[in-house]
Student: 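Handing you a structure now.
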Amino acid sequence: MSKWVYFFGNGKAEGNGTQKELLGGKGAGLAEMTNLGIPVPPGFTLTTEVCTYYYQNDQSYPKDLEKLVMEALSGVEGIMDRKFGDPGNPLLFSVRSGARASMPGMMDTVLNLGLNDETVQGLAALTNNPRFAWDSYRRFVAMYGDVVLDLKPEKKTDDDPFDVILDQVKGEAGARYDTDLKTEHLQKLVKLFKAEIKKRKGIDFPENPMDQLWGAIGAVFGSWMNDRAIAYRKLYDIPSDWGTAVNVQTMVFGNLGNTSGTGVGFTRDPALGENKMYGEFLMNAQGEDVVAGTRTPRPISELQHILPDAYGQLVDIRNKLESHYRDMQDFEFTIENGKLWMLQTRTGKRHPFAAARMAVDMEAEGLIDKKAAVLRPEADGIAAFLAPVFDGDAKRRAVEEGRIIAKGLPAGPGGATGRVVFTAQDADEWRNRGEKVLLVRKFTSPEDIRGMDAAQGILTAQGGMTSHAALVARQMGKVCIVGCGDLNIDYAKGVMEVGGKVIKEGDWLSIDGFSAEVIMGKLETRPSEVLQVLSGELPPEKSKNYQQFVKLMAWADEFKKMQVWANADTPKQAALAVKLGAQGIGLCRTEHMFFEGDRIQYVRRMILSESEEQRRDALMKLAPMQKEDFAGIFKAMEGRPVTVRLLDPPLHEFLPSREALKPDIFNRKVKEVADALSVSPEEVEERIEALHENNPMLGHRGCRLGISYPEIYEMQIRAIIEAACDVAKQGLPVKPEIMIPIVATEGEMRIIGEQARKLADEIIAAVGVDLKYMIGTMIELPRACMVADQIAGIAEFFSFGTNDLTQTTCGISRDDVKGFMGTYVAKEIYPVDPFQRLDRSGVGALMKIAVEKGRRARPSMQIGICGEHGGEPNSVEFCHQIGLDYVSCSPFRVPVARLASAQSSLR
Ligand code: ADP
Ligand code: MG
Ligand code: MG
């Protein structure tokens, strides 16, 4: 027989914190806190197994459940010395749902359960506070009517039926706020609410507390299968057989007067990561008033002055929770007549920046070890250390000019500047037409998420650090300020007024997520502290951010097995990449150099050449420039491997495009090219026609050019090897790797590989230095994966070009996915856009084949990836799993890849 009900109270719980699966997250937390000796109102948890039983048995309960609930209930009565349903001395409960993971869509909490026309009198007498008793009662009837009896607005545009009545009674009573209502008005509300339920639902409001309790329990279990909950589970892959638990818990009252209140908090600052308790509270309030975001609560530190005892208890509990859970917790509490009660604890969500900082701090405090510290932040989050901040001078000027117009709460660090929009939809639309926007709202709600994502930053007038805006911004890593009470926003007019200044939609505004200041106008940004230190502008000892960043990165390097390289085309990029931890260059694109200065002229001359001789002539002009570029990169990399890709794009990309340009501009450009090369415009146009391709992505490009015009690759190979010889002659280490693009066959690899090796060996012998080089290929075609063993006969390394490999495997052009990928992802045809995250089952399967075949033919084969996926944590993990030697990504993603690589080895 299963144990269906778990009791907690009086310092002892039958369950504990490890039993999330059985007790749900909330129930496990309540049990754990109880066992820790933290004051938790007593109660009991109906397990998730009851939920499973309920659905497997035609929505009925286990036979002995009622008996077990009655036993647990009398246990609580014993502790509290009150009785459920006793008119003289009533005990009240909250009924709270609690799945393993917090799950929107589940039934909302019902508070004050157990009140009826008799017990309300008892509560009034017991507390000597009739107004409080009737206030609790009318809240209960409305909550129960809404969540258990399902009396909701019929249409989306309808008002809540209970609110309609409330407003009406307030109007009659001349009351502005709920708190202005007198006992008799509250009594009237209870009557009217019940009548409305009878009228609309045909049900008499259950007066019997036991009926109320079973009604609420049934509603929680029932809500597990409601549409919203099912949709949410589908989205997050939560199995439907997990079930939810139900917590029945003694009510404590934060609305009992001026020594009572309720609040929420974090054991550390969830936005900046500082090691100090963070939270907010409202005096004389109940339930979710704090998180609703419609009334700005007070910062937790103020509680110190109002109720010093309760505050002291809270600080103790905070310390206890942190040292016990060894992680930041978010918690809910209520103070009843000066006594503190804890109502919930769980691991708190945090800004990525805070996650990394906390991990480093907690290691120093001895709460966690290095391994845990490396595993804790999401790898993507480390990018927050590189995000721009406001320029100090620009900020000072703004202060002097009086452009700081308001201050709120710092919910997401960083500096953001953009044009003001007041709706999420506008944010999305403006962004899509290339605008930078700041989303300004009174408060946000779940339907605003797309717009929040589109905005540079988010600013709200209401709500605190635990409001929707703050939570979502933190998770997205957005710059965010909340609770900026001075903003008077008028959505209808599209303006806001702040301290006499008027800001219209489209005006520029800036927000500083560190100081929570709102600044009029555009503000220049500058590189983050970490980048300032790396560029030598800021001494390392002046930046705590930098110190924490390098510490975490150094730990990551200790644990990671795969190397992290960077994609870089210039010596400057290469140097930055090294500073950010790159151990090599995985992709240096030579064609980017072709556009610099007057080089393009020689490229075009080469393209317009009629004979090999003419082509060689033009190439000879290019050779010294390429050589210089390569030498610069080799030096910057100080002996780390540098993979240079030979020319990849089709030749017409270097000539004006008839498709991409308006006719008059095209003609002008053609004339310019013709004049510069002293040929006729007709000749240029003829060549453009001749080179025209219907599908350039699959056209005359990459090694196909190398096969048709061997002299092009010859020039490039010569430039690479000569540059390397020069550097080597200076006594500097150098490690060139020549990469041949878009190889599909053994023949291509053999012809170009042999040409390259012969040429390179000749040059090295002639110069007389000791230089090692490698020749390999980019793997970007499915055929190459299938014949990887044949290619590996010649190639010494593979580098997966997963952008093209994804295009050619899925048959999707990356430039054209916009039209349908959104729908595809929504319909779960692809779980995410395969150009953002490596498609493991398709593209990944081909990579696996290539790795196996390649290494079978050449066990020492070096294999890496140089597509954009190399900087995306989930893809990095896959690369680790299939045994790649390195991932290569853009310099700014190098820290992310280092962390992701370390996390992959530790998981
Ligand atoms: P959610 O999962 O939406 O946070 P909870 O079950 O935590 O729902 O309840 C929401 C709020 O209701 C709590 O933060 C707390 O303020 C209030 N609440 C729940 N149970 C009690 C109780 N036993 N006594 C007083 N307040 C309670
Ligand atoms: Mg809720
Ligand atoms: Mg809660």
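Indexing begins at 1, ligand by ligand and atom by atom, following the structure's order.
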Student: Looking at Leu111, which atoms of ligand 1 are within less than 4.0 Å of one of its heavy atoms?
Tutor: 12 (O), 17 (C), 18 (N), 19 (C), 20 (N), 21 (C), 27 (C)

Student: Do the side chains of Lys3 and Glu71 get close enough for a salt bridge, i.e. N-O under 4.0 angstrom?
Tutor: no

Student: According to side chain to side chain donor-acceptor pair (under 3.5 Å), who are the partners of Thr18, at least two apart in sequence or on a separate chain?
Tutor: Asn16

Student: Which bit of Gln344 is near ligand 1, meaning a heavy atom under 4.0 Å away: side chain, backbone, both or neither?
Tutor: side chain

Student: Would you check whether Gln286 reaches within less than 4.0 Å of ligand 1, judged by its heavy atoms?
Tutor: no

Student: Counting only heavy atoms closer than 4.0 Å, does ligand 1 sit against the backbone of Met251, its side chain, both, or neither?
Tutor: both

Student: Flag Lys26 as yes when one of its N or O atoms lies below 3.5 Å from any N or O atom of ligand 1, and as no otherwise.
Tutor: yes

Student: With Gln313, which residues qualify under side chain to side chain donor-acceptor pair (under 3.5 Å), at least two apart?
Tutor: none

Student: Restricting to N/O/S, name the atom of Glu332 that gets closest to the Mg ion (ligand 3).
Tutor: OE2

Student: Using 2.8 Å as a strict upper limit, say whether an N, O or S atom of Thr109 approaches the Mg ion (ligand 3) that closely.
Tutor: no

Student: Kindly identify the option in Gly263, Ser94, Ala285 whose heavy atom sits closest to atom 21 (C) of ligand 1.
Tutor: Ser94

Student: Run the ring-centre check on Tyr61 versus Trp214 and record whether the distance is less than 6.0 Å.
Tutor: yes

Student: Heavy atom to atom 24 (N) of ligand 1, shortest distance: which of Leu113, Val252, Asn247 holds it?
Tutor: Val252

Student: Answer with yes or no whether the side chains of Tyr144 and Asn112 bring together a donor and an acceptor at under 3.5 Å.
Tutor: no

Student: In terms of atom number and element, which parts of ligand 1 are under 4.0 angstrom from non-hydrogen atoms of Thr109?
Tutor: 5 (P), 6 (O), 8 (O), 9 (O)

Student: Can you confirm whether Lys152 is buried at NZ, in the sense that more than 12 heavy atoms of other residues, nucleotides or ligands lie under 6.0 Å from that atom?
Tutor: yes

Student: Using a strict 4.0 Å cut-off to heavy atoms of Glu332, name the atoms of ligand 1 that fall inside it.
Tutor: 4 (O), 7 (O), 13 (C), 14 (O)

Student: Salt bridge check: are Arg82 and Asp86 linked by an N-O gap of less than 4.0 Å?
Tutor: no

Student: Output the list of atoms in ligand 1 that are nearer than 4.0 Å to some heavy atom of Thr262, sorted by atom number.
Tutor: 16 (O)

Student: Among Trp224, Phe221, Trp4, which residue satisfies the ring-ring contact (aromatic ring centres under 6.0 Å, His included) criterion with Tyr54?
Tutor: Phe221

